[in-house]
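In what follows, a single structure is set out as structure tokens and then discussed.
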Amino acid sequence: EAGVLELGSYPGPRMLSPERLALPDYEYLAQRHVLTYMEDAVCQLLENKEDISQYGVARFFTEYFNSVCQGTHILFREFSFIQATPHNRASFLRAFWKCFRTVGKNGDLLTMREYHCLLQLLCPDFPLELTQKAARIVLMDDAMDCLMSFSDFLFAFQIQFYYSEFLESVAAIYQDLLAGKNPNTVIVPTSSSGQHRQRPPLGEASLLEGVEASLFSQCLENLCDRHKYSCPPPALVKEVLSNVQRLTFYGFLVALSKHHGINQALGALPDKGDLMHDPAMDEELERLL
Amino acid sequence: MIPGKYRSVSGRAANNVNCGLHLVIQTSSLPEKSKVEFKLNKETPSFSGRLLQHDLERNYSSRQGDGRVISPSPRNKSSCISSTTNVTELCGLEMKTTMSSLSAFGDSSIQTPSKSRIRQGCHSAGPNVSGDHIHLASSSMPSFPILQRSSEEKILYSDRLTLERQKLTVCPIIDGEEHLRLLNFQHNFITRIQNISNLQRLIFLDLYDNQIEEISGLSTLRSLRVLLLGKNRIKRISNLENLKSLDVLDLHGNQITKIENVSHLCDLRVLNLARNLLSHVDNLSGLDSLTELNLRHNQITFVRDVDNLPCLQRLFLSFNNISTFESVCCLADSSSLSDITFDGNPIAQESWYKHTILQNMMQLRQLDMKRVTEEERRIASVVAKKEEEKKRESHKQSLLKEKKRLTINNVARKWDLQQNRIPNIAPNQDRKVSDSPQDPSQLHGSTVSAFPEETGSLDSGLNNTLQGLSVTDTHLVEVDGDTLSLYGSGALESLDRNWSVQTAGMVTTVSFTFIEFDEIVQVLPKLKIKFPNSLHLKFKETNLVMLQQFNALAQLRRVDQLTIDPQGNPVVNFTLWKYYVLFRLSHFSMQKINGTEVTQNDMIMAERLFGILAHVASSELPQYRLISILGDVRKKQFRYLLETKGKKPGLVNEENSDSKRLVGENTNRATLNYTTRDFYNERLEEIKEKKKFCKMYMEDLVKEATEINMKNEALQKLWPQMFIELVRDAVIEIRNKNSYMKLCLQQITDQK
């Protein structure tokens, strides 16, 4: 069954890849989220056991893992499941784009709350907090009643949703850097962190906004190395940070959300230029009208 | 023909002067009424009554009527004369006419104006008029003329003197006429009453049409009974203190603004204050003999004190500013009043005017100069009864309205409390808090039913336009015509009642106020059954915050109109909400949303925006999800969809679109449903439990599998060596063929 699970953004591990052999079986299955899906499949089976027993358990499992592969398994599911795996997250992002691309195409600018409502149409218990955080990336401040374009919101939301644990860690690091602490000493003490200890002179710090990009970059590299949740490709993070001297946390998030490469690496959404493009669905829509 | 009679009459009158100027006119030529009595006594109230009646009749014939109440104008003269041929008109003869006819004792022509002539400073009689026996001489005082009559005149008209139209600017000094009883100064220019204080036997004084500004100079005229001051410039009623015998007082056509200083006139029977500047009627006490009060053509807005006039029979209030019955309600308390006029007042324009007056004044015989018939009285009482009923009904209604208002206020307060106090907590818990006993509304019983109908048949009050079914302190249910209004969550329980088919059938609009939408969702199936004709749904203060909440409405039978009040429903602030409603409820073909007509373009736009969502929701959803989302009840309905789903995905395309058409356009959005927050949270809990179990189950399963796998792998590792060992052992065993054969044989025989 593991063979079925060649999951979207994940480079499909072969049966006898060294990675596979390096881990005990159970951990390997957990890390690759195979367990998550197997648990969920059983759970779904339990939920509808009468109906499923009528058309066959084997077919149910086939259908289940097919839908997982197609990314349709997250439709109208509870949030805890939707955010459970990177594949689920990517699938949700794609479903959201697919279903509401037309809203963007129509040119409507919506508020954070209205986008949240759209999200809730696909996931009834989607938390407001996440939507708010995504809106903050677009709006940069607390003017949360402002209108946003579909693409601005979607790309910001993608970063926030897909990398939410990573971003939380980044936020902690950023706060530490702002406060003048070297986060590496706090989180993971390494020998290399010592050379970055000099804090910027106080006067300068208060004049300049944000943190020094290179220092930040260093810290993030460390973070990516040891982070167990998904991170953006470290090379691309480095690239984002190499273009500037200093940057703020939201500046960083905006840069991430606008980065083509990161979007491509994530693999859920088309490029910004093609965002309104979905000929298959458009055809389907014409049929409906 | 007349004079003789006059003579006899007036002669008798003259005899009777001492005992109260009793005048009897005998008209034998008239069969209808052979005898008419003029009595200036209170014992004969008919006199002034008729007098005034005549006046009124004339008022109707001429606008100047009021001006002519007591004093006759020259053009009335002919009628005065001819009046002798007609009893009623004769009765209507004004006092003055009578008197002047008395003065014209024996004279065939009653051309009173020409009787006397006064020439200031001229001793000779005017040559132009024959029979002028009056001479005016300038007195010793330069300004006052002195009047003298010839002795012949004096004998002829011993007790009367007429100085009409003499262009007098002052009262002349009248010498040697102390016995005068009647004095006429009509149509002069007199500005001040003077020089008559010696005429102490004067009964009748006519100063009509002069320029008098103040009542004065009358204090000695104690026997005066008729005082005519019409058409002057008097501003106040004053200086009448000594005129205690006054019977007729005419002050019409002056500038009087209020009634005052008359309370001592206990013998006064006729008071004319028409064409003055009165704004109200008051201060009437003491006028114990007053039978007629003329107040026409003033600016009166209200009347008081009339019930203090024990003898008042006729009251003329025409052409004033009376607009309500309340402002003249004291009239209803007068038992003597029999004749009243209100024409020319705003009140007379009202539809209720006549029957209200008649109903409240049963004693009335004439209203606005017309006899009140029995029929009219009957109608009036019927109408009044109806009015009364109406009033009672409207009182009941207003009570109900007030109760409703209070209840709604209370519900609103509770709602606000709920919304603001613990905004983040689930509504259910919130409700429990507000239901706690310290809530004042609970103290006076939450189910105070306002009307007995509530407990009885619900149809009993159907004929009422407004049917109060139950008014309670925590919620309100109301059926008003075709609208069922529910206020407060408790009102939802009313859907459990046994509504009559009639009532239920009539209701086409259902309005929800101050109720959580999630609670409404739970009663929607009931609503669908109990009120099958409800086409218009209204929501106000119902916490509609999400688009998917509209999904819940899809289960209804039909919705033509939807009205979502922005108050308490933030969803209305969304750009897309209308389109989403149109999209999700497209099977209703809705006509109006929030009062705006739905156009074809709206429908197309709705499809454009959300059509893909529906497509994804229906065609991409795996079958096991479809089952769990649609639930058992709806599964049959969507069997088609399921069956096509079951087939190979590649083949479905054509069939799929066919089946979709068969099942109805709603099919592809049926998966877009709404689960109330509480229920959803419950389900999440359930899922959590199941997940826990599945996790454990999978853990065991995987552990077992990995163990097997591990053993398998270990076996795989060991096997080559094991195999070699096995082969080696076998080879060693069979190296010596003979001994091996022997061993084998031995084994066989042992077995046997």
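Note: hydrogens, waters and symmetry copies are ignored here, and every other heavy atom, side chains too, is used. Chain letters run A, B, ... following the sequence lines, proteins first, then strands; residues in each count from 1.
- Remark: A:F79 CZ is packed, more than 12 non-hydrogen atoms of other residues, nucleotides or ligands lying under 6.0 Å away.
- Only the side chain of A:Q44 has a heavy atom closer than 4.5 Å to any heavy atom of chain B.
- Scanning all heavy atoms of the two residues, the minimum distance from A:C99 to B:L613 falls at SG-CD1, 3.7 Å.
- No part of B:V571 comes within reach of chain A, as not one of its non-hydrogen atoms sits under 4.5 angstrom from that chain.
- What you find for B:Q548 and A:P124 is that their closest heavy atoms are NE2-CA, 3.8 Å.
- When heavy atoms are compared at a cutoff of 4.5 Å, A:D278 does not approach chain B at all.
- The candidate from B:E699, B:K688, B:K703 with the greatest count of non-hydrogen atom pairs under 4.5 Å with chain A is B:E699.
- Residues A:L46 and B:F693 have side chains in contact (heavy-atom distance under 4.5 Å, counting atoms from C-beta outward).
- Classification of the B:F610-A:F100 ring pair by plane angle, with boundaries at 30° and 60°, yields perpendicular.
- For chain A, no part of B:L701 is nearby; none of its heavy atoms comes within less than 4.5 Å.
- Scanning both residues, A:T72 and B:P622, for their nearest heavy atoms gives O-CD, 3.8 Å.
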Discussion item. Test side-chain contact (heavy atoms from CB on, under 4.5 Å) on B:S619 and A:E284; report intermediate values, then the result.
Written reply: CA-CA 11 Å; B:S619 66; A:E284 202 61 51; over 6 Å; no
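- At distances below 3.5 Å, at least one donor-acceptor pair connects side-chain atoms of A:E114 with backbone N or O atoms of B:T575.
- By the neighbour-count criterion of 12 heavy atoms within 6.0 Å, atom NZ of A:K258 is sparsely surrounded, having that number or fewer from other residues, nucleotides or ligands.
- Neither the backbone nor the side chain of A:L147 comes within contact range of chain B; no heavy atoms are under 4.5 Å apart.
- You'll find the side chain of A:C117 stays beyond 4.5 Å of the side chain of B:Y580, heavy atoms only.
- Within the 4.5 angstrom heavy-atom criterion, no atom of B:A614 approaches chain A.
- In this structure, the portion of A:E286 lying under 4.5 Å from any heavy atom of chain B is its side chain and not its backbone.
- Residues B:G611 and A:L285 come closest through the heavy atom pair CA-CD1, 3.8 Å.
- Note that CG of A:D125 and CZ of B:R677 are 12.5 Å apart. Values are rounded to the nearest 0.5 Å.
- In this structure, A:E47 CD and B:I687 CD1 are separated by 5.0 Å, a value rounded to the nearest 0.5 Å.
- The distance from the CZ atom of A:F81 to the CG atom of B:L684 is 13.5 Å, given to the nearest 0.5 Å.
- For the atom pair A:R113 CZ and B:L547 CG, the distance stands at 13.0 Å (nearest 0.5 Å).
- Of the inter-residue distances, the one linking B:E620 atom CD with A:K98 atom NZ reads 3.0 Å to the nearest 0.5 angstrom.
- At a threshold of 4.5 Å between non-hydrogen side-chain atoms, the residues A:R59 and B:Q623 count as touching.
- Only the side chain of B:Y680 comes within less than 4.5 Å of a heavy atom of chain A; its backbone N, CA, C and O stay farther away.
- Put simply, the side chain of B:L609 reaches to within 4.5 Å of the side chain of A:D108, judged on heavy atoms.
- Distance check: B:M698 CE to A:T36 OG1 gives 10.0 Å after rounding to the nearest 0.5 Å.
- Counting heavy atoms of neighbouring residues, nucleotides and ligands inside a 6.0 Å radius, atom NZ of B:K695 does not exceed 12 of them.
- Per-residue heavy-atom pair counts under 4.5 Å with chain A were compared for B:M605, B:M710, B:M603, and the maximum is reached by B:M605.
- For the pair A:F76 and B:L672, the minimum side-chain heavy-atom distance is below 4.5 Å.
- For the pair A:R77/B:R625, a side-chain contact is recorded, criterion being any heavy-atom separation below 4.5 Å from C-beta on.
- A:M38 places a side-chain heavy atom less than 4.5 Å from the side chain of B:V702.
- Around the CZ atom of A:R101, the shell of radius 6.0 Å holds more than 12 heavy atoms that belong to other residues, nucleotides or ligands.
- If you measure heavy-atom distances from B:E686 to chain A, you find no contacts under 4.5 Å at all.
- By number of non-hydrogen pairs under 4.5 angstrom with chain B, the leading residue of A:L109, A:L122, A:L75, A:L110 is A:L75.
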